[in-house]
Asker: 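Starting off with a structure, shown below.
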Amino acid sequence: MSARIEEPTTPPETPALRDEDRSLIEALRETLGGETLPVQPCADEIATVWVPANAAREALRFLKHRSRPRFPMLYDLTAIDERSRSRRDGQPEADFTVLYHLMALEPLREIRIKVALKGDAPTVPTITGLWPTASWYEREVWDLFGIRFDGHPNLRRLIMPPTWEGHPLRKDHPARATEMGRYSLSEQRHIDEEEALRFKPEDWGMERQSDESDFMFLNIGPQHPGTHGVIRLVLQLDGEEIIDVVPEIGFHHRGAEKMGERQSWHTYIPYTDRVDYLSGVVNNLPYLLAVEKLAGIEVPDRAKIIRVMLCELFRISNHLVWYGTYAQDVGQMSPVFYMFNDRERLLGIIEAICGARMHPNWFRIGGVAADLPDGWDRLVRDFLDYFPPKLREYDGMVMGNGILKARTRGIGAFNTEEAVEWGVTGPALRATGLAWDLRKERPYGGYDQFEFDVPVAHKGDCYDRAVVRVEEMRQSLRIIRQCLENMPSGPYKADHSLTTPPIKDRTMLDIETLITHFLNVSWGPVIPAGEATGCVEGTKGLYSYHVISEKSTIPYRVRIRSSSFPHMQIIPFISRGHTVPDLLAIIGATDFVLADVDR
Amino acid sequence: MNPVLHSFLVIQGVLIGLMTLAGVLVWIERRLLAFFQDRLGPNRCGPFGFLIFVADGIKMVTKEDWIPPGADKPVFVLAPAIIVITALLGFAIIPVAPGILILDLNIGILFFLGVSSMGIYSTVLGGWASNNKYSLLGGLRMSAQMFSYEVFMGLALMGVVILSGSLNLREIVESQTGLWYVVPQFLGFLIFLFAGLAETHRLPFDMPEAESELVAGFHTEYSSMKFGMFFVGEYVGVTLISALIVTLFFGGWQGPVLPPIVWFLLKTMAFLLFFVLLRAAIPRPRFDQLLAWGWKYILPLALLNLVITGAVVLAQAN
């Protein structure tokens with residue numbers, strides 16, 4: 001169902017192109033031979049430039065190596081099926097669009113490059129030679145959109161099973177099982193599906209033996225106690241030494257992006273909760289930041305601070321789960337129980353505030369679902385007093401433990417350049433010595449009002465990642481205490497016609513408000529046309545949602561850029577030459593959630 | 001009493017006592033671990049959950065007994081039997097109390113070392129016969145681990161042998177009247193403790209099982225009572241190591257007021273609890289780190305201990 005109505009508010013002004021972006025685009029134009037490059041106005045401040053397909057690689061190479069500033073990080077690479085678009089507002093003709101999102105970290109600058117493609121089986125040159133991290137993104141786009149990347153070393157399905165027919169994120173691919181015909185698993189099909197999953201080293205250019213020894217190929221997963229979920233890591237082993245690793249993902253894929261194209265702007269929020277299922281409302285925030293940018297909603301102070309507080313509570317909750325399982329992965333049995341007990345207290349507070357624990361679905365377009373309950377401050381204060389001594393205790397138990405240090409120091413290390421090259425963000429990036437936190441670099445949602453430090457470590461190995469996360473919990477406590485002591489009064493929802501659910505106080509008093517209320521509740525809000533990215537410093541790295549609105553009650557496209565995806569992709573790079581136990585330490589220190597990898 | 005009847009009763013007593021202890025140990029370990037970890041543990045079956053080992057046993061016996069298709073069947077079946085047999089055989093030489101001793105062997109320590117080396121075959125063969133890659137890796141780790149730690153275990157005991165002048169465990173206990181060997185042989189005790197832990201492959205030295213890495217290591221493919229045998233073997237093995245530590249370093253049955261057998265049981269239990277505590281507290285080192293520590297630090301220390309003990313005994317004799 002997609003209803004279009006003319007809603008009374010005027011859409012927000014699209015921000016004008018900044019001077020620095022204008023000169024950057026001018027330099028890009030000169031590099032590409034002087035052809036005019038259409039610039040697309042977006043609701044966020046990120047410059048979006050259309051580049052011809054044959055010049056895309058050149059443009060990206062220029063932006064990575066020679067432009068000013070240089071953009072060393074390929075932050076995201078995705079596609080858009082443009083064939084059902086009703087309004088393109090002067091954008092170049094295209095059946096499909098490939099979207100490259102680049103990032104410069106110091107200082108933070110972003111640019112989007114869009115490439116228009118025609119036809120049903122479009123092709124674009126690969127950029128795996130420029131960024132190794134492009135490999136998985138391109139495979140994902142091939143898998144879900146059927147766009148070929150010329151020259152990709154191993155362009156095979158990444159998310160969907162190898163036997164899948166069609167490309168699910170195309171608009172003509174059904175979204176519901178009922179549209180797809182009856183499914184039956186005959187014995188033959190069962191055998192074929194299993195055979196398709198058999199690992200063939202030759203597909204990955206691997207040798208079965210060297211001069212000295214035969215290699216063992218060992219499946220870690222999809223069901224394995226050390227992987228924390230369904231993922232398959234195929235190891236090429238010489239004895240216990242890892243020669244190579246092939247991570248196979250997609251077992252946890254639930255089509256969160258496709259579902260975005262069927263849900264109203266409001267009813268999509270619960271799906272975001274479940275992407276990184278350990279971080280709850282932290283997932284709501286980037287989606288809502290993007291939607292609120294499109295709608296031009298300014299969130300009131302109280303709502304902002306409530307959101308910040310909840311996000312930080314969830315950050316601690318996420319880090320506690322990571323802390324315990326990290327210790328467990330290196331063989332320490334007990335800490336996970338203590339940490340889950342503490343997390344239980346946190347979830348109790350979250351339950352008291354939101355009514356649910358892991359997936360509270362509590363942020364709303366324009367604010368939060370309800371005001372804080374009476375007595376919330378006592379609960380939060382009790383936890384703030386209770387938790388710091390516990391953290392000190394855990395320092396001695398886990399971080400100070402000699403065996404744990406011996407197991408994780410010098411294991412799985414990468415430096416800042418490599419992290420940026422592979423798209424690594426969050427604590428793993430900060431563990432390489434770069435004090436880069438989006439909450440400081442480009443404060444969103446009220447974070448500019450808070451005092452906190454950005455913890456860093458310097459060796460970039462498993463132990464340092466742990467050090468950063470432990471310290472982050474302390475910083476989160478600081479932020480929560482500031483929320484507690486300075487919680488502003490006022491409304492918890494913006495006074496805006498697109499706030500959902502709408503503010504109700506005048507509904508029964510005048511007919512206009514009643515109609516707006518009725519439409520916003522039954523159909524859902526109609527968000528002004530446009531594109532925007534919302535990005536937050538999530539618990540595991542940068543989370544962002546890129547949403548496209550066609551001035552309708554449902555999004556045209558929702559792109560979820562998760563941080564676990566690149567963090568998973570770097571695992572082979574940092575595991576080679578280590579042993580099987582080291583791999584488990586690396587997995588433990590990565591802090592990924594499979595739903596976040598596969599979406 | 002008729003000597004045949006006497007030894008028959010002793011053998012039955014030790015055997016029944018041990019099997020019961022192995023069962024009770026399951027309960028103790030699970031309750032204690034739960035206590036250390038802020039949880040309740042098994043508390044439903046019988047008073048304080050005490051009968052959990054009966055429930056465990058019934059479950060174990062009634063599970064499907066399955067042998068994987070590619071397995072080497074005779075070896076696969078033999079492996080769990082070996083570990084129980086050797087662990088029980090080891091107890092033949094333990095002097096529980098004066099008069100309660102199955103075999104008064106004059107080469108007791110040698111016998112123990114031989115039998116415990118045999119026990120390793122169980123894990124290695126089990127890992128090999130399962131036709132499973134995880135099991136194979138577990139078995140490999142076990143053989144390497146044992147290859148190293150058997151050496152230190154033997155060396156650590158030599159200090160005690162020099163002091164007591166005997167390989168007979170009963171005589172060793174009797175020679176500890178007045179001063180337990182843990183005092184002059186503290187280093188030897190530590191090394192034996194370390195090697196014993198590695199021998200019983202329990203956390204922190206459970207690399208052959210290493211749940212988070214190898215699923216269940218060498219016994220991944222085992223089910224039903226075959227799996228149960230590995231379990232029993234492990235608990236009897238831990239009890240054996242504890243009993244040996246008590247016998248060699250803590251004066252065996254000796255102690256004031258209480259009867260000797262109570263002293264022996266109390267001391268043994270103390271070490272069993274210590275092993276449980278250790279399991280709750282410490283992470284697992286990497287396999288190659290364990291070997292490196294063994295060869296780089298423990299071997300020289302064990303040799304040093306031996307040389308010093310020998311020198312001191314010689315000096316005293318002159």
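None of these values were measured; they are calculated from a predicted model. In what follows, every chain begins at residue 1, and chains take the letters A, B, ... in the order their sequences are listed.
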Asker: Quick check on A/Y386: does its OH atom have over 12 non-hydrogen neighbours (other residues, nucleotides or ligands) under 6.0 Å away?
Answerer: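 Result for OH/A/Y386: enclosed.
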Asker: Please tell me if the side chains of A/Q332 and B/R284 come closer than 4.5 Å, counting only heavy atoms from C-beta onward.
Answerer: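 Sidechains of B/R284 and A/Q332: no contact.
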Asker: Would you compute the distance between atom CE of A/M333 and atom CD1 of B/I282 and round it to the nearest 0.5 angstrom?
Answerer: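 These two atoms lie 13.0 Å from each other.
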Asker: Using non-hydrogen atoms and a 4.5 Å limit, figure out which bit of B/L136 sits close to chain A: side chain, backbone, both or neither.
Answerer: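 Just the side chain, heavy atoms under 4.5 Å.
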Asker: Give me the atom names and distance for the closest heavy-atom approach of B/Y134 to A/I220.
Answerer: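 Nearest pair, atom of B/Y134 first, then A/I220: OH-CA, 3.7 Å.
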Asker: Within residues 24-36 of chain B, which residues come under 4.5 Å of chain A, heavy atom to heavy atom?
Answerer: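 Within residues 24-36 of chain B, near chain A: B/L33, B/F36.
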Asker: Is atom CD of A/E187 surrounded by more than 12 heavy atoms (other residues, nucleotides or ligands) closer than 6.0 Å?
Answerer: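 Open.
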Asker: Taking the side chain as everything from C-beta on, heavy atoms only, tell me whether B/F287 gets closer than 4.5 Å to A/V580.
Answerer: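 Of all side-chain heavy-atom pairs linking A/V580 with B/F287, none is under 4.5 Å.
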Asker: Name the option with the most non-hydrogen atom pairs under 4.5 Å to chain B; the candidates are A/D329, A/L583, A/T227, A/V330.
Answerer: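 Most pairs with chain B among the choices: A/V330.
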Asker: Using heavy-atom distances under 4.5 Å, tell me whether A/Q328 contacts chain B through its side chain, its backbone, both, or neither.
Answerer: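 Looking at A/Q328, just its backbone touches chain B.
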Asker: Compare every heavy atom of A/S334 with every heavy atom of B/Q37, then report the nearest pair and how far apart it is.
Answerer: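 Result for this residue pair: NE2-OG, 3.0 Å.
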Asker: Is the closest side-chain heavy-atom distance between B/D38 and A/Y338 below 4.5 Å?
Answerer: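 When only atoms from C-beta onward are counted, A/Y338 and B/D38 do touch, with a gap below 4.5 Å.
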Asker: Can you confirm whether B/K296 is buried at NZ, in the sense that more than 12 heavy atoms of other residues, nucleotides or ligands lie under 6.0 Å from that atom?
Answerer: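 No.
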Asker: Any side-chain heavy atom of A/I411 sitting closer than 4.5 Å to one from B/R286?
Answerer: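 Heavy-atom side-chain distance check passes, below 4.5 Å.
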Asker: Is B/R141 close to chain A through its backbone or its side chain, or both, or neither, when contacts mean heavy atoms under 4.5 Å?
Answerer: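 The answer is the side chain of B/R141.
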Asker: Give, as side chain, backbone, both or neither, the part of A/L404 having an atom under 4.5 angstrom from any heavy atom of chain B.
Answerer: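 Contact with chain B is through both the backbone and side chain of A/L404.
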Asker: Atom NZ of residue position A/K459 - does it have more than 12 heavy atoms of other residues, nucleotides or ligands inside 6.0 Å?
Answerer: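 Atom NZ in A/K459 is not packed in, count stays at 12 or less.
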Asker: Any side-chain to backbone donor/acceptor pair from B/K133 onto A/M216? Under 3.5 Å, distance only.
Answerer: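 Judged by distance alone, no pair lies under 3.5 Å.
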Asker: Within a 6.0 Å radius of atom CD on A/E351, are there more than 12 heavy atoms belonging to other residues, nucleotides or ligands?
Answerer: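 Yes, CD of A/E351 has more than 12 neighbouring heavy atoms, counting only those of other groups under 6.0 Å.
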